[in-house]
Engineer: 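Before anything else, here's the structure in question.
This one's a predicted model, so the numbers in the text were calculated from it and none came from an experiment.
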Amino acid sequence: MKSFQTEEEIDEYFDKALADLHKEYEQKLLTIEKNEQQVTDTLQKQYEQQKVAIAQQHENEENNLNNNREQAIEKIRKLFDHKRKVLLENYKITYEEERKNHHVNKIELLEQKQTEERRKFQFYHDQQQAPLAQIEQAPDLTEAMEQAMDNLYQELTDILIKYKQQFEEAEQQFEESCHELVLQCDEAIENLIDNEAASQSQLDDQLFEALQDLAEKTDKQYEEIEQSLLEKEQSLQEMVLAQQEKITADYDKRREKLFELQ
């Protein structure tokens, strides 16, 4: 050990040794404090980066959900547009068939009417071509001819009334069929519209649930990284405290030893 000449030299030596020891002690504490701050800053930076990453992931998933919903809506729209187109085409085909059938029925009725009229005219004509001897036997030839003409007129009138009624019934039946066809078409289109709206509503419900699940997932991720940060900061504080206690204990021990030597 260094030799001393005076008591003042001893005091100066130990004062300097104590000062150096205290300076070293403070330097170690300062180093620990700086390291703690650096680690804390790093943890905070990592935490902020994780938050940004979670927010970006949330935005991407939300955009994907919205895009998927829009794509599904577009597919549904095209599907029901196609169904409406097919429905209207079928309506046009059915209407055309009804119109053709109606036209055929009218022609058949007209032919039947004309056939009956020709038959009546032929019967009247045959009567007029009867042998002269038969006509001369009639008490009043003019009266007989007038009666025959009246009968023909009445029979033709009956035929006209009969087929006019049938034509009117056929026309009414055609109009009723067309009206019923239009009602069925309108009802089918309304059902398609309702089904399309229901499909879109179902997609909206699914999107709402998916967005809720995504929000819960994101909140949980935020909670997890926040909890992780708190645990790391707590662990860091415990480690720093342990180092400080160790350094302080070593400092006290060395300081006590200097006092003993002094």
Side-chain angles (χ1 to χ4, degrees), residues 1-76 199-262:
M1 184 176 176
K2 182 179 179 180
S3 58
F4 301 98
Q5 301 297 323
T6 64
E7 186 175 342
E8 289 181 357
E9 290 180 352
I10 294 174
D11 291 338
E12 288 178 359
Y13 172 80
F14 281 102
D15 287 344
K16 184 176 182 305
L18 287 171
D20 291 342
L21 179 62
H22 186 73
K23 183 177 180 180
E24 179 184 354
Y25 169 68
E26 288 184 339
Q27 187 64 40
K28 287 181 179 181
L29 291 180
L30 182 60
T31 300
I32 291 176
E33 184 178 346
K34 289 181 179 179
N35 291 339
E36 179 187 10
Q37 187 60 48
Q38 289 177 353
V39 174
T40 299
D41 292 344
T42 300
L43 292 176
Q44 188 64 35
K45 183 177 180 180
Q46 291 175 348
Y47 171 69
E48 294 298 331
Q49 290 174 343
Q50 289 174 329
K51 283 177 62 178
V52 171
I54 290 173
Q56 185 62 52
Q57 181 183 3
H58 177 91
E59 182 180 355
N60 292 340
E61 292 187 21
E62 184 175 353
N63 289 336
N64 288 336
L65 289 172
N66 287 320
N67 290 336
N68 291 339
R69 185 257 183 191
E70 292 300 324
Q71 292 174 2
I73 288 290
E74 182 64 18
K75 289 181 179 179
I76 289 175
S199 298
Q200 292 183 359
S201 178
Q202 184 178 4
L203 285 176
D204 290 337
D205 292 341
Q206 292 175 351
L207 175 63
F208 179 75
E209 292 178 2
L211 290 176
Q212 276 192 324
D213 293 341
L214 177 60
E216 292 175 0
K217 171 188 171 183
T218 301
D219 289 342
K220 185 176 181 181
Q221 289 177 325
Y222 280 133
E223 291 175 359
E224 287 176 352
I225 63 171
E226 186 174 359
Q227 182 63 31
S228 176
L229 175 64
L230 292 175
E231 291 176 355
K232 289 178 180 178
E233 287 179 341
Q234 183 178 358
S235 176
L236 175 63
Q237 290 175 356
E238 292 174 354
M239 182 180 67
V240 168
L241 181 61
Q243 289 178 341
Q244 288 174 339
E245 290 177 349
K246 181 179 179 181
I247 290 173
T248 300
D250 180 66
Y251 167 72
D252 290 340
K253 182 177 180 181
R254 293 172 64 185
R255 187 166 172 269
E256 184 66 27
K257 186 175 181 180
L258 283 175
F259 281 133
E260 290 177 358
L261 289 174
Q262 185 179 15

Engineer: Please, which pairs that meet ring pair (Phe, Tyr, Trp, His ring centres under 6.0 Å) have at least one residue in residues 212-255, sequence neighbours excluded?
Structural biologist: His22-Tyr251, Tyr25-Tyr251
Engineer: Side chains of Asp204 and Arg69: closer than 4.5 Å at any heavy-atom pair?
Structural biologist: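 Asp204 reaches Arg69 side chain to side chain.
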Engineer: Can you tell me how far apart NZ (Lys45) and CD (Gln38) are? Round to the nearest 0.5 Å.
Structural biologist: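 Going from the NZ atom of Lys45 to the CD atom of Gln38 covers 12.5 Å.
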Engineer: So how far is it from Phe259 CZ to Asp252 CG, rounded to the nearest 0.5 Å?
Structural biologist: 10.0 Å
Engineer: Please give me the minimum heavy-atom distance between Ile73 and Gln200, naming the atom from each residue.
Structural biologist: CD1-CG, 3.3 Å
Engineer: Answer yes when Asp20 and Lys16 have at least one side-chain N-carboxylate O distance shorter than 4.0 Å, and no when they do not.
Structural biologist: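 Counted as a salt bridge, because a side-chain N and a carboxylate O are separated by less than 4.0 Å.
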Engineer: According to salt bridge (Lys or Arg N to Asp or Glu O under 4.0 Å), does anything in residues 215-229 pair up with another residue at least two apart or in another chain? List the pairs.
Structural biologist: Glu61-Lys217
Engineer: Do you know the tightest heavy-atom contact between Thr218 and His58?
Structural biologist: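 Looking at all heavy atoms of both residues, the shortest contact is OG1-ND1, 2.6 Å.
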Engineer: Mind checking the CD-CG spacing from Gln234 to Leu241? Nearest 0.5 Å is all I need.
Structural biologist: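 Going from the CD atom of Gln234 to the CG atom of Leu241 covers 11.5 Å.
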Engineer: Does the pair Gln46 and Ile225 meet the rule for a side chain to side chain contact (heavy atoms under 4.5 Å, CB included), with working shown?
Structural biologist: CA-CA 10 Å; Gln46 291 175 348; Ile225 63 171; over 6 Å; no
Engineer: How long is the straight-line distance from CD of Glu48 back to CD of Gln44, given to the nearest 0.5 Å?
Structural biologist: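 Separation between the atoms: 5.0 Å.
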Engineer: So, do Gln27 and Lys23 sit near enough that their side-chain heavy atoms are less than 4.5 Å apart?
Structural biologist: no
Engineer: Under 4.5 Å between any side-chain heavy atoms of Leu207 and Leu211, yes or no?
Structural biologist: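 Leu207 reaches Leu211 side chain to side chain.
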Engineer: For Leu18 and Arg255, work out which heavy atoms get closest and say how close.
Structural biologist: CD2-CG, 3.8 Å
Engineer: What pairs with Gln56 under side chain to side chain donor-acceptor pair (under 3.5 Å), at least two apart in sequence or on another chain?
Structural biologist: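 With sequence neighbours excluded, Gln56 shows a side chain to side chain donor-acceptor pair (under 3.5 Å) to Asn60, given in chain and number order.
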Engineer: Distance check, rounded to the nearest 0.5 Å: Gln50 atom CD versus Leu43 atom CG?
Structural biologist: 9.5 Å
Engineer: Distance-only, no hydrogens or angles: does the Asp250 side chain make a donor-acceptor pair with backbone N or O of Lys246 under 3.5 Å?
Structural biologist: no
Engineer: Given the rule in the side chain to side chain contact (heavy atoms under 4.5 Å, CB included) test, do Lys232 and Leu236 qualify, once you have shown the distances and angles that lead to the verdict?
Structural biologist: CA-CA 6 Å; Lys232 289 178 180 178; Leu236 175 63; over 6 Å; no
Engineer: What is the distance from atom CD of Glu70 to atom CG of Leu203, rounded to the nearest 0.5 Å?
Structural biologist: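 Rounded to the nearest 0.5 Å, the CD-CG separation comes to 10.0 Å.
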Engineer: Decide side chain to side chain donor-acceptor pair (under 3.5 Å) for Glu233 and Gln237; before the verdict, give the C-alpha distance in whole Å, the side-chain angles of both, and the deciding distance to 0.1 Å.
Structural biologist: CA-CA 6 Å; Glu233 287 179 341; Gln237 290 175 356; 5.7 Å; no
Engineer: Would you please say whether a donor-acceptor pair under 3.5 Å links the side chains of Gln37 and Asp41?
Structural biologist: yes
